[in-house]
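Note that the numbering runs from 1 along the sequence shown for the chain.
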Amino acid sequence: MKKKRIFGAAVLIVGTGAALAAAAIPAASVTASPEPVPGIIRQAEAYASADPTAEKGMQEAVRRCMAKAGFDYTPPSSEMTMDLNGAIGFKRLTVDAAKASGYASAGPQGSREPAPGSADGKLFANPDFTTALTGPADTASKATVGGMGTSSGGCRGEAMTQIYGSAENYMLATGIAYNSVLPASLSASGDSGITKAVGGWAACMKDTPYASFANPQQAVDAGKAAGGQEEFRIAVTDAVCRDKTGFHAALDKVLDKYLTTRMQELAPQIAKVKEIRRTANANAAALGGTASK
């Protein structure tokens, strides 16, 4: 199996907070637990995903701060949700999702840059706007945690402090939490159980018009390249074989072995992040207002 490259740099968070500077993911050194906790992947994915209420609070806090500075700007909503099957290289796909939207759900998520010429694009081209959002470029504040840095000035920095208590807390509860489980997926990607799951899927595809695909990523790539109804046909065929062979359940079982070890290693950090998120959630709820974009 040709392995898809796992995340090699820190996730970028754009809009509700400042972009986190690139930081290498720790080497794949997580060992498989001899007594894996079934379903711990769900706990790991929940831990790696930002609190939605807190993130909406960040969005609203930035909007209000920018309004005071004279700018009508609402940052895009955060999409910091973790799919550890996707981290291995095989983003989850159900038959229903394939029928409804082809491979749209398998597309990239995360940071979005405003298109040049768009309303937001014009704002970001305005130096006064960027100064209000992130602080003066020549005196830009920066917070660093565990080798990862983020700008902490301007309205973004104010929002981090207002909702999360500090820029460092914001980083711990978002980007660092997200990245912290990835060493387990990197280690799991070399497990023979993944090879077996891919082999089962490929055997199922042999009985379809798409027998040449060696793994689901090849199907995704071909479907996106084809577009139109052919994309839907490939996606549905792919999803049916994933369902028939228990593909994602098999990946989950492999991941559970490595995540059991990793979540034990992260226990002190997890406790701290949970407390930060509880406070951030309460601060966001107290702020009130709605923000969506």
Side chain proximity check, D191 to L255, heavy atoms < 4.5 angstrom: no
Indicate the atoms forming the closest heavy-atom contact of [X] with [Y], along with that distance.
| X | Y | result |
| --- | --- | --- |
| T81 | Y178 | O-CE1, 3.8 Å |
| A202 | A214 | CB-O, 3.8 Å |
| R277 | A46 | NH1-O, 3.7 Å |

Give a yes or no on whether the backbone of [Y] and the side-chain of [X] come within a donor-acceptor separation of less than 3.5 Å.
| X | Y | value |
| --- | --- | --- |
| T260 | V37 | yes |
| T261 | T31 | yes |
| D83 | R92 | yes |
| E231 | K224 | no |
| E45 | L84 | yes |
| S187 | A184 | no |
| R262 | S180 | yes |

Are E60 and K56 within salt-bridge range, i.e. N to O under 4.0 Å? no
Under-4.0 Å salt bridge between D51 and R278: no
Where do E275 and K272 land on the salt bridge (Lys or Arg N to Asp or Glu O under 4.0 Å) test, with the steps shown first? CA-CA 5 Å; E275 183 57 36; K272 184 173 184 178; over 6 Å; no
Going by the rule ring-ring contact (aromatic ring centres under 6.0 Å, His included), which residues pair with F129 if we only count those two or more places apart in sequence or in a different chain? F71, Y73, F124
Relative to the ring of F90, is the ring of F247 parallel (under 30°), tilted (30 to 60°) or perpendicular (over 60°)? perpendicular
Between the side chains of Q269 and Y47, is a donor N or O closer than 3.5 angstrom to an acceptor N or O? yes
